[in-house]
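Worksheet: one structure, shown below.
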Protein chains: 2
Amino acid sequence: MKSGPTIQDIAASAGVSKSTVSLVLQESPRIKAETAEKVREAARALGYVYNRGAANLRGRRSTTIGMVINDLTNPFFVELLVAIERVLAQAGYTTLMAHTAESIETQTRVLRSMREQNVAGLIMSPALGTPDNLPAEIQSWGVPLVLVMRPMGTNVDTVGVNNAHGFALATEHLIQQGHTRIAFAGNRKGYTVANQRREGYLSTMARHDLSVSDEWIIDVELTPKGGRDAVRAIFDMKPRPTAVVCYNDQVAFGVLHELDRMGKRAGQALAVVGCDNVVAAEHTNPPLTTLSAGADKLGTMASSTLLARLEQTDGPKKPVIQYFAEPDLVIRESSIGIRVPAKAD
Amino acid sequence: MKSGPTIQDIAASAGVSKSTVSLVLQESPRIKAETAEKVREAARALGYVYNRGAANLRGRRSTTIGMVINDLTNPFFVELLVAIERVLAQAGYTTLMAHTAESIETQTRVLRSMREQNVAGLIMSPALGTPDNLPAEIQSWGVPLVLVMRPMGTNVDTVGVNNAHGFALATEHLIQQGHTRIAFAGNRKGYTVANQRREGYLSTMARHDLSVSDEWIIDVELTPKGGRDAVRAIFDMKPRPTAVVCYNDQVAFGVLHELDRMGKRAGQALAVVGCDNVVAAEHTNPPLTTLSAGADKLGTMASSTLLARLEQTDGPKKPVIQYFAEPDLVIRESSIGIRVPAKAD
DNA sequence: CTGAAAGCGCTTACAG
DNA sequence: CTGAAAGCGCTTACAG
């Protein structure tokens, strides 16, 4: 930890006061152009490095934003993170990222650490099982919070997806293909997102007067391993479902893999639909039909929402923003058994 | 940005000086147990939050470590990042992560930002095309640096993989299967890692007296798209290669996909080997034979190397550490056309 | 348009 | 075992 020159050194070298140096560094219009240039020149000559920590301490505001993600092994969240980081960086903020791996303990630890680091705001995709009162607690710290993907009540800014609508689309699509026995892989009772997705599926089945056997709603890990387990379960049922709606692409990948291992092909032996449209969904064998809400768009929305909250320093408190994107269904071979020509390849 | 209580407030509330409070917070043994308990109680009652920024400013040392990653869309780097973060967190450091997306400009920007944030050390997987003198420049800042995956000379701590050995293993394996015309997909002239991988392939071909046609060394993007392009190129050659060694798993995924699209199967029409053994390699159709150096092990090594450097405050400068893991070949169906039973499934 | 002064919330010798 | 004092590198009223 070497010290390096400070604004004091620049002031001495440029023959001005450190107030002036500070103002130049902030590009204040109050300083005459020539003076400013002289100061900048001195800073360059000395190899000056701005100490953001000291500035934050004195200025009482910070330019770092914390970002807490539950699962980076799911590429969807990586795409989201990249989008968020891009927008924040453009706005001049530094992003402090942390990964909780769905662990509440880790989440508690990183949140404390971020609070100690004095983050200006927080974007978080909460770990499964996060206590309901966490958003309120974070808000009581005076730190603006935006939730992504996983809503927790109506009192906190949230950017997510209309899951019920998406899973209705997916189910509808399979019914149009003539399927009547459709399973749902990835049930997770008690979690908002899982409930929304299951409801989208169930309500669509009901609307078409299709009955749903209990065993079709399959409780599995939300990973490729879970998808493999789901396929084995499905092929043990009789009569067995001819299609499956998966909780997300990770689960669907496991489904495709297990089918292949059994010498069967998705789209023929079993129609498969995923959710998230991660980049890899286009490259699976066969390519995966999946719901797309646009990680990039969601990430951009989340950052903008937080930035808006940070600008709004005073004045009447703006109302809570809750935005839920409407997903589209991207149809590929896994649900129809027919090759779909790739566009612009 | 609300202010919250400071050590001054705790001091007043506990009836001691702020020096004492500071020492208690640092768990100094110099403070009597009862006094310490009284202070902690007051801190709890006031809802005190430690201000790490102020501590770093005064203490002249920081507990945040910067981590700069070139490509988070490649799951290998995500696995690496997760391992690094875990170790650093255990050691009480906060990780400032940034993603460059292989852009030199972004890399320059995030490095400057991290320097302003006063990071204690830096772990970096440099973007392609990073100027040779960057490691020396960072070291001149007085910030310890560990390079991961992409070596840049012998004067900087580095954790990587013995790529030449790995690609020799991969090529050897294909030759053992009876292949004599073997292609290499993912050539990138001038980059160290690409050179090492190509050399491992070429030297093994030479050792077996197998000649290599120029066109077999295929220059493609290091993405699934590149893999698809490589397959098309291979099937245009005559006589055509019967096997391909891919730069990494991302390229190999594209190869598997394009083969499937052509109605062919990897392992039969074309033997395929990848590199990195990302989690998804186990779930592709067919499963992918690939080189494994252990992202977890590499990440752990990289963090430990940096932590060791940070401990060593003074004394004679320790010699540069350069560690290169020896990869293993994980054999799956894509290279042999035969299903390999998964272990413990 | 510029400077002197106070202070952000801590840590760290130093003294007792 | 504890306290008084100085100071880390900045910003921000305030004065001129």
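Quantities reported herein were computed from a predicted structural model and do not represent experimental measurements.
- Checked by atom type and distance alone, the side chain of B:Thr300 pairs as donor or acceptor with a backbone atom of B:Asp296 at under 3.5 Å.
- Only A:Gln26, A:Arg30, listed by number, bring a heavy atom of residues 26-44 of chain A to less than 4.0 angstrom from any atom of DNA chain D.
- Remark: the backbone N or O of B:Asp71 is not paired with any side-chain donor or acceptor of B:Thr73 at under 3.5 angstrom.
- One interatomic measurement links the two molecules: CG of B:Leu57 to P of D:dA6, which rounds to 18 Å at whole-angstrom precision.
- Judged by distance alone, the side chain of A:Ser13 and the main-chain N or O of A:Ala42 form no donor-acceptor pair under 3.5 Å.
- Between the side chain of A:Asp9 and the backbone N or O of A:Thr6, at least one donor-acceptor pair lies under 3.5 Å.
- The shortest distance between the side-chain N/O atoms of A:Ser22 and the OP1/OP2 oxygens of D:dT11 is below 4.0 Å.
- Distance, A:Tyr50 OH to D:dC10 P: 8 Å, rounded to whole Å.
- Of the candidate nucleotides C:dC8, C:dA4, C:dT11, C:dA4 has the atom lying nearest to any side-chain atom of A:Ser19.
- When each of A:Val68, A:Val148, A:Asn70, A:Val156 is checked for a side chain to side chain contact (heavy atoms under 4.5 Å, CB included) with A:Met124, only A:Val68 meets the rule.
- Projected onto DNA chain C by closest heavy-atom contact, B:Leu25 and A:Ser17 fall at different nucleotides, the more 5' of which corresponds to A:Ser17.
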*Determine which bases of DNA chain C form Watson-Crick or G-U wobble pairs with both distances under 3.5 Å, and write the result as a 5' to 3' dot-bracket string with | for other-strand partners.*
|||.||||||||.|||
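- Atom pair A:Tyr48:OH and D:dC10:C1' shows a separation of 7 Å (rounding to whole Å applied).
- When atom types are taken as modelled, the side chain of A:Asp157 and the backbone of A:Ile321 share a donor-acceptor pair closer than 3.5 angstrom.
- In this structure, the nucleotide among C:dG3, C:dC10, D:dT11 sitting nearest to the side chain of A:Ile7 is D:dT11.
- Note on A:Val21: nothing from the nucleic acid sits closer than 4.0 angstrom, heavy atoms only.
- A:Glu116 contributes no side-chain N or O that, together with a main-chain N or O of B:Tyr50, makes up a donor-acceptor pair within less than 3.5 Å.
- Comparing D:dA6, D:dT11, D:dG9 against the side chain of A:Lys18 picks out D:dT11 as the nearest.
- Of the side-chain N and O atoms in A:Thr20, one or more sit less than 4.0 angstrom from OP1 or OP2 of C:dG3.
- Under the 3.5 Å distance criterion, the side-chain polar atoms of B:Ser303 are matched with a main-chain donor or acceptor of B:Gly299.
- The separation between B:Leu23 atom CG and D:dC1 atom P is 12 Å, rounded to whole Å.
- B:Val24 comes within 4.0 angstrom of nothing in the nucleic acid, heavy atoms only.
- Side chains of A:Gln117 and B:Thr94: a donor on one and an acceptor on the other come within 3.5 Å.
- Looking at the side chain of B:Arg58, the nearest of the listed nucleotides C:dG3, D:dT12, C:dG9 is C:dG9.
- Rounding to whole angstrom units, CG of residue B:Asn56 and C1' of C:dT12 are separated by 15 Å.
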